[in-house]
Undergrad: 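Structure below; questions to follow.
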Amino acid sequence: MRKSKSWVTKALIFALTAIIMAGCSGKQESGQAEAPTKSTKLVMATSADYPPYEFHDTSGGKDEIVGLDVDIAKYIAKELGLELEIKDMDFNGLLPALQANRADFVMAGMTPTEERKKSVAFTETYYEAKNTIVAKTGSHLMKMEDLSGKKVVVQLGSTQQSAVQEAAQTIKGIEVTPLNKIGDLIQELKSGRAQAAIIEDTVARGYVESSQDLEMNPISDNGENAYAIALPTDSSHVEKFNQAIKKLKESGELDKLAKKWFGK
Ligand code: ARG
């Protein structure tokens with residue numbers, strides 16, 4: 001009797017230990033394999049300092065990120081039957097965030113350069129812009145050569161930074177300072193700490209129209225910037241995104257959205 005009791009006890013302890021161990025190892029595994037983003041959601045990373053493509057709208061009493069890119073992203077998410085979530089960060093942090101799985105795609109008026117294509121995939125392009133020189137009214141800075149001897153601000157990590165740094169290799173005396181936000185560039189110009197900023201035309205226009213002390217001049221010889229959406233190289237979404245962009249263009253919806261955000 002005694003013997004069999006201890007045998008039963010041992011068997012019970014064994015079984016319990018096995019259950020507990022299984023529970024532990026199960027926990028460990030699920031802890032390691034954390035999904036980056038939920039599959040019902042599409043996470044967009046952007047730099048919301050770029051009106052009219054993406055910017056903070058606080059006019060309705062609450063802070064909302066809106067713009068042409070946001071409307072296009074909403075259209076694509078709807079086509080894919082997914083919910084859109086937007087994460088705002090510095091432009092320079094967008095591609096690292098994408099590569100670290102902190103977003104499903106990047107949409108930020110981003111130009112698909114050869115350099116960027118080495119680390120991420122891009123969709124078809126959906127818009128185009130040109131570089132301009134923004135400066136205090138009356139400066140008449142028309143081309144890169146005119147920036148000699150000037151302090152020039154650009155957005156950190158942008159194609160404008162590459163463009164002016166490349167120009168500075170042959171044109172003497174261009175002093176380039178990269179900054180995080182487009183709003184910072186405008187502040188530097190207005191305060192006189194910088195004499196020029198390189199900004200894309202549609203974005204520059206908004207700032208120049210709302211401030212009498214600023215003017216803009218397109219740089220004719222340099223900088224055609226098309227915009228595309230960046231996705232991780234292994235993303236299964238690229239094809240679906242391209243199909244949605246095609247539909248957006250062919251249906252005339254993109255023209256409607258452009259009218260909404262650019263006026264005429
Ligand atoms: N098109 C330029 C680039 O790709 C500038 C984009 C800046 N976008 C922004 N949301 N601030 O580098």
Side-chain angles (χ1 to χ4, degrees), residues 43-57 63-74 84 86-99 102-134 144 152-168 176-189 194 196-208 216 218-219 222-231 241 245 257-258 261-262:
V43 180
M44 159 174 164
T46 194
S47 171
D49 63 343
Y50 222 51
Y53 298 97
E54 46 265 330
F55 60 102
H56 289 266
D57 178 14
D63 187 353
E64 217 186 325
I65 297 174
V66 299
L68 178 63
D69 282 354
V70 177
D71 279 354
I72 294 174
K74 281 182 184 162
L84 183 71
I86 302 176
K87 285 187 186 169
D88 185 18
M89 55 190 82
D90 285 344
F91 187 77
N92 196 42
L94 290 171
L95 294 187
L98 188 65
Q99 288 176 294
R102 280 185 280 124
D104 296 309
F105 69 101
V106 165
M107 196 166 186
M110 186 174 272
T111 305
T113 63
E114 290 311 312
E115 192 55 35
R116 289 171 181 161
K117 281 183 194 165
K118 287 181 194 161
S119 52
V120 294
F122 281 99
T123 61
E124 298 297 314
T125 58
Y126 61 88
Y127 226 81
E128 300 215 354
K130 282 194 174 70
N131 284 342
T132 73
I133 300 175
V134 181
M144 286 292 189
V152 183
V153 281
V154 286
Q155 183 159 46
L156 182 66
S158 68
T159 48
Q160 289 68 45
Q161 179 180 355
S162 319
V164 73
Q165 278 175 343
E166 200 187 301
V176 188
T177 308
L179 300 169
N180 275 325
K181 300 280 183 198
I182 295 293
D184 300 339
L185 312 188
I186 301 297
Q187 273 323 107
E188 293 298 290
L189 286 181
I198 312 293
I199 304 177
E200 284 169 332
D201 51 0
T202 41
V203 176
R205 193 165 299 128
Y207 285 104
V208 168
M216 62 183 270
I219 309 174
N222 146 290
E224 287 274 315
N225 287 317
Y227 294 167
I229 301 171
L231 296 118
F241 269 56
I245 291 172
L257 290 178
W261 291 106
F262 298 121

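As the structure lists them, so they are numbered: ligands from 1, and atoms in each ligand from 1.
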Undergrad: Could you work out, with side chain to side chain donor-acceptor pair (under 3.5 Å) as the rule, every residue matching Gln155, not counting sequence neighbours?
TA: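 Asp49.
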
Undergrad: May I have the list of side-chain donor-acceptor pairs in residues 177-186 shorter than 3.5 Å, sequence neighbours left out?
TA:
unit_1	atom_1	unit_2	atom_2	d
Asn180	ND2	Asp90	OD2	3.4
Lys181	NZ	Asp90	OD1	3.0
Asp184	OD2	Lys181	N	3.2

Undergrad: Val66: which residues meet the side-chain contact (heavy atoms from CB on, under 4.5 Å) condition with it, sequence neighbours left out?
TA: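 Val66 satisfies side-chain contact (heavy atoms from CB on, under 4.5 Å) with Phe55, Asp57, Glu64, Trp261 once adjacent residues are dropped.
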
Undergrad: Can you see which heavy atom on Val208 is nearest to which on Val134, and at what distance?
TA: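 Nearest heavy atoms, Val208 then Val134: CG2-CG1, 4.2 Å.
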
Undergrad: State, without any angle test, whether Thr46 and Tyr53 hold a side-chain donor-acceptor pair at a distance under 3.5 Å.
TA: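 No pair is found: no donor N or O on one side chain lies under 3.5 Å from an acceptor on the other.
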
Undergrad: Is there a side-chain contact (heavy atoms from CB on, under 4.5 Å) between Arg205 and Thr132 once you walk through the steps?
TA: CA-CA 9 Å; Arg205 193 165 299 128; Thr132 73; over 6 Å; no

Undergrad: Could you list each N/O atom of ligand 1 together with any protein N/O atom closer than 3.5 Å, one pair per line with the distance?
TA:
unit_1	atom_1	unit_2	atom_2	d
ligand 1	1 (N)	Gly109	O	2.8
ligand 1	1 (N)	Thr111	OG1	2.9
ligand 1	1 (N)	Glu200	OE1	3.3
ligand 1	1 (N)	Glu200	OE2	2.8
ligand 1	4 (O)	Thr111	N	2.8
ligand 1	4 (O)	Thr111	OG1	3.4
ligand 1	4 (O)	Arg116	NH1	2.8
ligand 1	8 (N)	Ala108	O	2.8
ligand 1	10 (N)	Ser47	O	3.1
ligand 1	10 (N)	Glu54	OE2	3.3
ligand 1	10 (N)	Ala108	O	3.2
ligand 1	11 (N)	Asp49	OD1	2.9
ligand 1	11 (N)	Gln155	OE1	2.7
ligand 1	12 (O)	Arg116	NH1	3.4
ligand 1	12 (O)	Arg116	NH2	2.8
ligand 1	12 (O)	Thr159	N	2.8
ligand 1	12 (O)	Thr159	OG1	3.4

